[in-house]
Amino acid sequence: MSPTTVGRPPKLPFVVLVLSAGTFLMGTTEFVIAGLLPEIADDLNVSVSHAGLLITAFAAGMIVGAPAMAIATLHLPRRSTLILALVVFALGHLVAALSSSFNLVLAARVVTALATGTFWCVGAIVATTAAGPAATSRALGMLLGGLTVATVAGVPLGAWLGQLSGWRGPFWVLSALSAGAAAVIGRYLPADERREAPSVRAEFAALRDVRVWLTLSSMTLLMGGVLATYTYISPLLTERAGIPDGAVPMVLTGYGLGALLGTTAGGRLGDRQPLATLITAAATTTLVLLLLTLFSASPVAAVVLVTLMGMAGFAPTPVLGALALRFAGSAPTLVSGLSGSAPNVGIALGSWTAGIALTSPLKQAGPPLVGTVAAALTLVPLTALALARTTRPGKPPPQPGPAADRTIGCGTQDIG
């Protein structure tokens, strides 16, 4: 090894970058719809509030669909599953773009959410297996980076395209890009090789480990806290901080860049000190949200704190995902699916609670206060993990090679 490479983390496999491009498409389709609701409502002759069901349906599809599809695709080769998920994703957008029926568009969104949950479940395991035990958090950080880039770039571009071409334009583009992504996955993910058959019973048995539930609850609480605040960030910035409407996208871009930096830093630190990284990030998130509650009337403070919220709030996400897979042992498929559901449960509950707080006497300070409480509660399961010293496994982690391919997988196949 050359002296210049000593101490440097190993380079992630190219397949991880390819999969992160897929998560970019998934993240774009989940969030871009918020900027297209008025156009969709007008074109399909429904109210804007009714059109909002397209967001609710996608979240519900992810909550229920991710673990369900994890089990349904358990015996399929992973490469085939990823390609199939992208093809279904493309067809769902194609149907929506061609439809004049709101109910059909709604159904297409549910199907798209199922494909998204499947892609995340399989993609997370393929990426972490390819990266190896020493870079699991970094690999998940790269995948989550695709979601974050979607927030920073994909969603604004999609909304802009929707303004130019109508709401169907972004659906056409997402359909074409996901079809292309399926071809790339087929090209760069090595051919599958049949291994030991997976066991549905083993997948459910992995849920008996309390560490899995402590990790999933941490995901739910932390994402619930951050997204409860983010959901109502526009009224906080404009009505409380006095920031002009036209400057809000720039503030949100800062939030997205902070989230991208957070997932990258969390992935790198989490492979070496997972619990220290998690507790520090959760405590920092709690402090940032509390300061946002107290000082968001200042425009400068609001801008800085929103950026820090993205950075601190997203730093734990790749580490939590890596720990969930680690605690699942030789049966990570269902746990991987639940890892996709847990944040969406937090988002749904957090946004609902924050909406109530917004109408209370707290007004715009209500949502970040809800977020503060949720982030603080995250320290409870994380402290339980730390006290039990649960990141020290009872046996060494699987090493690359045929044995490792049998112990980690979403299906019966390895990745090369």
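Residue numbers run from 1 in the order of the sequence given. All values derive from a computational prediction rather than experimental measurement.
Under the 3.5 Å distance criterion, the side-chain polar atoms of Thr378 are matched with a main-chain donor or acceptor of Ala375. A distance-only check finds a donor-acceptor pair linking the side chain of Thr220 to the backbone of Ala342 [under 3.5 Å]. Panel note: side chain Thr118, backbone Leu114; a donor-acceptor pair is recorded below 3.5 Å.
Counting non-hydrogen atoms of neighbouring residues, nucleotides and ligands closer than 6.0 angstrom, the CZ atom of Phe14 exceeds 12 such neighbours.
When all heavy atoms of Ala384 and Leu214 are compared, the pair lying nearest together is CB-CD1, 4.0 Å. Across Thr29 and Arg109, no two heavy atoms sit closer than the pair O-NH1, 2.9 Å. Closest non-hydrogen pair, Phe314 versus Thr263, comes out as O-CG2, 3.5 Å. Shown here for Ala241 and Ala302, the closest heavy-atom pair between the two residues is CB-CB, 4.0 Å. Annotation for Val288 and Met309: closest pair CG1-N, 3.7 Å, computed over non-hydrogen atoms. Of all heavy-atom pairs between Ser20 and Thr23, the closest is O-OG1, 2.7 Å.
Donor-acceptor pairing under 3.5 Å is lacking for the side chains of His93 and Ser178.
Shown here are the side chain to side chain contact (heavy atoms under 4.5 Å, CB included) partners of Ile356, two or more places apart in sequence or in another chain: Trp352. Every residue two or more places apart in sequence or in another chain was checked for a salt bridge (Lys or Arg N to Asp or Glu O under 4.0 Å) with Arg240, and none qualifies.
The aromatic rings of Phe171 and Trp167 sit perpendicular to each other, their planes meeting at more than 60°, with 30° as the lower class boundary.
The closest side-chain heavy-atom distance from Gln364 to Tyr232 is not below 4.5 Å. Thr229 is not listed as a side-chain neighbour of Val370, based on a closest heavy-atom distance of 4.5 Å or more.
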Problem - side chain to side chain contact (heavy atoms under 4.5 Å, CB included) assessment of Leu308 paired with Val304 - result: CA-CA 6 Å; Leu308 292 176; Val304 172; 4.0 Å; yes

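With ring centers used as reference points, Tyr255 lies under 6.0 Å from Tyr230.
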